[in-house]
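Along the sequence shown, residues are numbered consecutively beginning with 1.
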Amino acid sequence: MKMTLMGTGTSHGVPVITCNCAVCRSSDVRDNRLRCSAYISEPEKIIIDTGPDFRTQALKYGVSTPKAVFLTHSHADHLNGLDDLRIFSHTRSIDKYNKNTETDGDGLKVYANANTIQDTKTRFDYIFMPVKEGGGKPKLQFIDCSCFTKDSPLQLGSLKIVPIPILHGTLQDMGYLFVEQSATGVKHGIAYLTDCNFVPKESLLAVKESCDSLDHLVIDGLRLQSHSTHFSFEEALTVANELSPKNTWLTHITHDLSFVQISEFLLAILDNFPNLKVALKNGGKVSPAFDGLILKTDLN
């Protein structure tokens, strides 16, 4: 499996508009963060979240027609680029100069929980209305992912996807575990858990029981201090330590500290997280993520 993190920043992105702090002025490309999004290009093409930077990200990282889109929640920084999906599947008004006015079938499949689907249909209501003359809109098939579980995962090609319920303050958010099986039968996973400050025990168990090797954990780690709807760095590592991934990557990062400063902080507190320390000794990573980071499962 190959996943590219197309954006790893908080809702403002980094640099922040009008901000003149050291991080926003940094020349380190790892401190330049678009809003959170990810793209699986192998073995299946899957998009995770379509924030306001999605068009830029899709061009930069070569996103091509996906098999499906997965939405974590309906906040603007994860959703507001939804209209740009119409390049992959669209409905258009009748045009006598264009016979290919509409994509065949029911449209691109978009998986999300019920709350996200309801919010999206409210905020992008034009998608569900008749097309006006000269107009065009994405043709999307929304599917409630809550019916899929660790015991009955979604199968997309050679990937199994397990929705992982998490809490973003009081909002019921959705993370996802993507699982690929090696030729020897070992199940390798990448868990993507952004925008959360609590992971229920049942969700932790779902991750543990759905893969034999959690090769990568991408988890919300906003900043040093606690926040009412996001994990702090230490809180994120507490969850990671329980899941024991080979590699831990913090995402949805704000501009308080640079990539280098966060990396130094994580190493300084690693003694408090024995499972992560073992992973580091075995060649793994405990690090802030950055835009363009490529994660691969080790099927050997």
Side-chain angles (χ1 to χ4, degrees), residues 1-17 23-24 26 28-90 107-112 116 120 123-124 127 136-140 156 159 161 168 173-176 178 190-195 216-222 230 249-255 259 287-296:
M1 190 182 342
K2 179 181 178 182
M3 174 188 285
T4 301
L5 301 185
M6 301 193 296
T8 57
T10 188
S11 58
H12 288 297
V14 184
V16 178
I17 296 172
V23 176
C24 288
S26 172
D28 188 338
V29 294
R30 296 171 297 182
D31 291 328
N32 196 323
R33 303 179 183 278
L34 298 176
R35 270 64 74 92
C36 279
S37 182
Y39 175 55
I40 296 176
S41 55
E42 299 174 9
E44 310 296 338
K45 292 179 172 61
I46 293 171
I47 294 168
I48 309 169
D49 283 343
T50 58
D53 299 319
F54 176 67
R55 180 180 179 277
T56 297
Q57 293 164 330
L59 290 170
K60 184 174 183 179
Y61 298 109
V63 174
S64 58
T65 302
K67 181 165 286 188
V69 176
F70 289 82
L71 299 177
T72 59
H73 63 301
S74 59
H75 284 170
D77 55 321
H78 294 258
L79 182 65
N80 277 13
L82 190 75
D83 189 78
D84 285 319
L85 291 176
R86 61 182 162 152
I87 198 69
F88 305 125
S89 183
H90 60 262
L108 179 60
K109 293 181 179 180
V110 179
Y111 294 90
T116 299
T120 303
R123 290 165 53 190
F124 290 84
I127 291 177
K137 61 186 183 180
K139 187 176 185 180
L140 306 177
L156 286 182
L159 287 182
I161 297 97
H168 182 25
D173 202 340
M174 194 64 78
Y176 298 98
F178 301 89
I190 298 179
Y192 189 85
L193 308 179
T194 190
D195 285 52
H216 298 277
L217 170 64
V218 183
I219 187 167
D220 185 323
L222 180 71
H230 294 275
W249 308 98
L250 303 187
T251 193
H252 210 284
I253 297 169
T254 191
H255 63 143
F259 176 90
S287 171
F290 54 88
D291 291 14
L293 176 64
I294 296 175
L295 310 179
K296 294 183 178 181

Legend entry - side chain to side chain contact (heavy atoms under 4.5 Å, CB included) evaluation trace for Val63 with Gln57: CA-CA 8 Å; Val63 174; Gln57 293 164 330; over 6 Å; no
Inset, instruction - Applying side chain to side chain contact (heavy atoms under 4.5 Å, CB included), run through Arg35 and Asn80 and close with a yes or a no. - result: CA-CA 11 Å; Arg35 270 64 74 92; Asn80 277 13; over 6 Å; no
Inset, instruction - Compute the centroid of each ring, for His168 and then for His75, and state whether the two points are separated by less than 6.0 Å. - result: yes
Does any N or O in the side chain of [X] come within less than 3.5 Å of the main-chain N or O of [Y], such that one atom is a donor and the other an acceptor?
X      : Y      : answer
Arg33  : Ala289 : yes
Tyr61  : Gly292 : yes
His216 : Lys296 : yes
Asp49  : Ser37  : no
Asp28  : Arg30  : yes
Ser74  : Thr120 : no
Thr65  : Phe88  : no

[atom2] on [Y] to [atom1] on [X], rounded to 0.5 Å:
X      : Y      : atom1 : atom2 : value
Asp173 : Thr72  : CG    : OG1   : 5.0 Å
Lys109 : Leu156 : NZ    : CG    : 7.5 Å
Met1   : Glu42  : CE    : CD    : 11.0 Å
Met6   : Leu59  : CE    : CG    : 10.5 Å
Leu295 : Lys2   : CG    : NZ    : 11.0 Å
Ile219 : Leu193 : CD1   : CG    : 5.5 Å

If you compare all heavy atoms of [X] against all heavy atoms of [Y], which two are closest, and at what distance to 0.1 Å?
X      : Y     : value
Thr194 : His78 : CG2-CE1, 3.9 Å
Thr251 : Gly7  : OG1-O, 4.1 Å
His255 : Cys24 : ND1-SG, 3.4 Å
Tyr192 : Ala38 : CE1-CB, 3.9 Å
Tyr111 : Ala68 : CE1-CB, 3.8 Å
Ile253 : Val14 : O-CG2, 4.0 Å

Inset, instruction - Could you walk me through whether Ile46 and Leu159 pass side chain to side chain contact (heavy atoms under 4.5 Å, CB included), step by step? - result: CA-CA 10 Å; Ile46 293 171; Leu159 287 182; 3.9 Å; yes
Side-chain contact, heavy-atom cut-off 4.5 Å: [X] with [Y]?
X      : Y      : result
Pro138 : Leu108 : no
Pro288 : Trp249 : no
Leu85  : Ile47  : yes
Leu82  : Leu140 : yes

Legend entry - SB check Arg55 Asp84 (cutoff 4.0 Å): no
Inset, instruction - Kindly indicate, with the supporting measurements, whether the criterion side chain to side chain contact (heavy atoms under 4.5 Å, CB included) is fulfilled by Met174 and Thr116. - result: CA-CA 9 Å; Met174 194 64 78; Thr116 299; over 6 Å; no
Legend entry - Plane angle bin for Phe178 and Tyr176 - parallel if under 30°, tilted between 30 and 60°, otherwise perpendicular: tilted
Inset, instruction - For Asp291 and Thr8, test the side chains for any donor-to-acceptor distance below 3.5 angstrom and give the result as yes or no. - result: yes
Inset, instruction - Flag yes if more than 12 heavy atoms outside Ile17 fall under 6.0 Å of its CD1 atom; otherwise flag no. - result: no
Legend entry - side chain to side chain donor-acceptor pair (under 3.5 Å), paired with His230, selected from Asp195, Thr254, Asp220: Asp220
